[in-house]
Amino acid sequence: MRSSAVAPFTLVALFAGGPAGAAVAVQGGIGFVAVSGAPPGGELVLEDARHAEVGRGTTDRLGSLLFRDLVPGRGYVVRDPAAGGFVSDPITVPKFDDHPDASFYTGQHLEAGLQYIQARDGTRLAAMVRAPLGKTLADGPFPTVVEYSGYAAADPDNPQPSTLIVSALGFATVGVNMRGSGCSGGVLDLFDFPTTADGYDIIETVAAQPWVKGGKVGMVGISFPGISQLFVGGARPPHLAAIAPLSVIADIYRAPGFPGGIFNSGFAQTWLQERNGDSRPAPEGGQAYAVKRVNDGDATCLANQRLRLQTLDAVEFTQSHPYYVPDLMDQRSPINWVRKIAVPTFLASAFQDEQTGGDFASMLSRLPKRRDVKITVTNGVHTSSLDPTTLWNWLAFLDLYVAERLPDQSRLAPIAPLIYLQILGASAPTPPLPPDRFADVTDYQEAKRRFEADPHVRVLMENGAGSPTAGLPAPTFQLALRQWPAPQVRPTVWYFGHGGILTPARPSASDDGVDGYHPDPDARPAQTLPGQGQEQSWEVIPHYDWRPLVDGTAVAYATPPLERDTVVGGPGSVDLWLRSSAADTDLQVTLTEVRSDGLEAYVQNGWLRASHRKLDRKTSTVLAPRPTHLERDASPLPAGAFTKVRVGLFSVAHAFRAGSRIRISIEAPGGDRTRWAFDTAATHGGVLDEVSRTHAQPSRVVLSVIPGVAPPAGLPPCPGLRGQPCRTYMPTTNGG
């Protein structure tokens, strides 16, 4: 990168005593002051403008130290407390909204290949610029998109999936590593303000390049680079054209971190461990491409590793915050950013996503309800946002709002076999491909009107049952909704009854029923694909180990055979009157369909640590209980008494056929997910949990029923629905 711009909030001070006479750098950023190049093992003090000590620490073996959680302001100084030690020049800690002048961005010039974008605080971010496949930047200008994450987004040799696809479709791409990852400088702190501010700076810098068509850029990416778009979109960089986030989360705590307040010791812990590995300093660790770059002589990449040892251990830090901490987690949760998004948006996610989970739907109602905001939801897995029905509309969206050209969906057909070979495996056929629905349109504005006439929310139903090959990505029908949950949703109640029955009638005054179970997380395998890689979840028919509930370790309740088809679309609530022999207990609720052929299909889960049962009254509804998860609200269960505990079911869309039974079970966490596991007490059946079903204390389930929907006749294959395992139905000891 050639840059004439100077980062507006950077101070580099020269101190005596640096290693080998090197300069000691002091850098002010949003919420932090960083020191690098100092003698290792030295004590340093940070003072504010009033000379009050606000931080003290020891430099690491690389000579670096980071002071965190600082309030914005001028006049911070770093001091060596030893007699005669140095004192830095004054340092500014800027506010998040302190944006550089436009000249800071226009003064940076990007070329093809790996280089570095300078952020406002002086941090240099690794960026890999690629012209569209078969082109050079000199052939431009091109419609351009950014893929931004802590994965190896800037790896010159291994483009990320979305980058690879759009590059083949005629877009220039810029893959950028978040600070503290790969060859980027700084410290990785997942979804913090500096990371989001970097995203703003990246968009403005890339948009200023002469090879960018129209002076605006879009964003693409699935999972990590999908989530990052929601923050950057909410930050509103002026030259952002559109975002297209796929397979995302809404809340960093509620899913996948602590579902129901219980740490996810499966996927979440593994993912955090991987981020720890990625943030190690190269060449001794870190991402493979960074190791190679350093070993090949990339001096900037090497210099960018100097703060890496100041990165907090992501697993330890997460586990040290078992409750929701608003000051820490609000800024890191997309649900608090999406209302601010002002650009066209295309979002897609799956309810049974084995990585990110189904809580993403809790933020959908906060997205702007404009005609250029489109949401696609489906049953499925992490890669289901790349299924053909969605991917074809994703390309149309990028053509319309980033390239500002007529959509040409026919460009996807030649590369589709390669895409689905990577996702589904070599033995799977290519899924059914949609037609080009814009093939007859010759006017750009008419194409835009056609796209914007699509529903705000498109629900792909029974994904996996829409082709002759069971499990192949394809829906059987779709729902078109004005919002999520749909305005026409009817909260429908079924009460727990004697013999494991779900009934619409509240228990009578004479009913005096209690059902008990001994929760045992060891009674079944913790995961339904134990010990296997996450890609196995994406197979056409994964080899699920989804075992029935073990006698005595769960209770379950099921409706009589349904008289009519019942379509559920939205969140749910399992409202328990609970008594436990323990002061606290972890609850898992599972929604399934017991079919008329004797098979049982998984639908959705919910979780709650009972001590986290206090609800946020402002956001909780009859269908969606939302615990505060605040430490001050946590309380043990009262000994010997029943207490109302509401366990939320993540959103889902599922058609229960006439003749099937709706079933709810309550058990210890685990056994129903491919990649999630739970840090829950292994009680080995030593705790007794009891559920009341009396008139005075009636337990129940409330589901989001959408009336008037007629699914196709006949049961879908079982197994076959994406992300929904199937097993032979076996009743629990209480009869359900």
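Pairs of residues two or more places apart, or lying in two chains, never qualify as ring pair (Phe, Tyr, Trp, His ring centres under 6.0 Å) while including a residue from residues 35-77.
In this structure the side chain of Lys614 never reaches within 4.5 angstrom of the side chain of Ser635, judged on heavy atoms. Residues Pro245 and Thr345 are in side-chain contact: their nearest non-hydrogen atoms beyond the backbone lie under 4.5 Å apart. Residues Ile202 and Val232 have side chains not in contact (no heavy-atom distance under 4.5 Å, counting atoms from C-beta outward). You'll find the side chain of Met219 reaches within 4.5 Å of the side chain of Leu240, heavy atoms only. Taking 4.5 Å as the limit, every side-chain heavy atom of Ile341 sits out of range of all side-chain heavy atoms of Trp337. Side-chain contact between Val206 and Thr144: present, with at least one pair of heavy atoms (C-beta onward) separated by less than 4.5 Å. Between Phe317 and Leu272, the closest side-chain pair of non-hydrogen atoms is not below 4.5 Å. Between Leu367 and Trp484, every side-chain heavy-atom pair lies at or beyond the 4.5 Å cut-off.
In this structure, His456 contributes its side chain and Val373 its backbone to a donor-acceptor pair below 3.5 Å. Side chain of Tyr323 to backbone of Arg632: no donor-acceptor contact under 3.5 angstrom is found. No side-chain donor-acceptor contact under 3.5 Å links Ser333 to the backbone of Asn336. The main-chain N or O of Arg626 is found under 3.5 Å from a side-chain atom of Ser620 such that the two form a donor-acceptor pair. Of the possible donor and acceptor atoms, none in the side chain of Gln305 sits under 3.5 Å from a partner among the backbone N and O of Pro283. Listed for the Asp679 side chain is no donor-acceptor partner under 3.5 Å among the backbone atoms of Ser265.
Remark: of the listed residues Asn304, Asp155, Asp298, Asp298 is the sole one forming a side chain to side chain donor-acceptor pair (under 3.5 Å) with Arg293.
To the nearest 0.5 Å, atoms CG (Leu125) and OG (Ser184) are separated by 4.5 Å. Interatomic distance, Leu307 CG to Ser64 OG, rounded to the nearest 0.5 Å: 4.5 Å. Here the CZ-CD1 distance, from Phe346 to Ile375, works out to 10.5 Å after rounding to the nearest 0.5 Å. The CG atom of Leu65 sits 11.5 Å away from the CG atom of Leu309 when rounded to the nearest 0.5 Å. Leu312 contributes atom CG, which lies 9.5 Å from atom CG of Asn276 (distance to the nearest 0.5 angstrom). Here the straight-line distance linking atom CD of Gln229 with atom CD1 of Ile203 works out to 8.5 Å at 0.5 Å rounding.
Inspection of the Gln287 and Asn177 side chains reveals an N or O donor paired with an N or O acceptor under 3.5 Å. For the residue pair Ser247/Ser385, the side-chain donor-acceptor check at 3.5 Å is satisfied. Residues Asp198 and Thr195 have side chains that never bring a donor and an acceptor to within less than 3.5 angstrom of each other.
A salt bridge is defined here as a Lys NZ or Arg NE, NH1 or NH2 lying under 4.0 Å from an Asp or Glu carboxylate O, and Arg50 with Asp48 fails to meet this definition. Taking 4.0 Å as the cut-off between side-chain N and carboxylate O, Asp201 and Arg120 count as a salt-bridged pair.
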Could you walk me through whether Leu230 and Leu347 pass the side-chain contact (heavy atoms from CB on, under 4.5 Å) check?
CA-CA 10 Å; Leu230 300 173; Leu347 184 149; 4.2 Å; yes

Yes or no on salt bridge (Lys or Arg N to Asp or Glu O under 4.0 Å) for Asp192 and Arg68, after CA distance, side-chain angles and deciding distance?
CA-CA 12 Å; Asp192 62 347; Arg68 292 179 165 84; over 6 Å; no

Residues Thr123, Gln27; criterion side-chain hydrogen bond (donor to acceptor under 3.5 Å, both in side chains); working and verdict
CA-CA 9 Å; Thr123 301; Gln27 175 190 13; 3.0 Å; yes

Trace of the salt bridge (Lys or Arg N to Asp or Glu O under 4.0 Å) decision for Asp97 with Lys95:
CA-CA 5 Å; Asp97 291 328; Lys95 298 177 183 177; over 6 Å; no

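Residues satisfying the ring pair (Phe, Tyr, Trp, His ring centres under 6.0 Å) test with His382, not counting sequence neighbours, are none.
The aromatic rings of Phe258 and Tyr253 sit parallel to each other, their planes meeting at less than 30°, with 60° as the upper class boundary. Between Phe678 and Trp676, the two ring planes are perpendicular [angle over 60°; tilted spans 30° to 60°]. Relative ring orientation between Tyr151 and Phe224 is described as perpendicular, the plane-to-plane angle rising above 60° on a 0-90° scale split at 30° and 60°. The aromatic rings of Phe267 and Trp271 are tilted relative to each other, their planes meeting at an angle between 30° and 60°.
For Arg74, the CZ atom sits in a loose shell: 12 or fewer heavy atoms of surrounding residues, nucleotides or ligands are nearer than 6.0 Å.
Annotation: His99 is not in aromatic contact with Phe104 [ring centroid separation under 6.0 Å not met].
Annotation: cation-pi geometry satisfied between Arg254 and Tyr324 (NZ/CZ under 6.0 angstrom from ring centroid, within 45° of ring axis).
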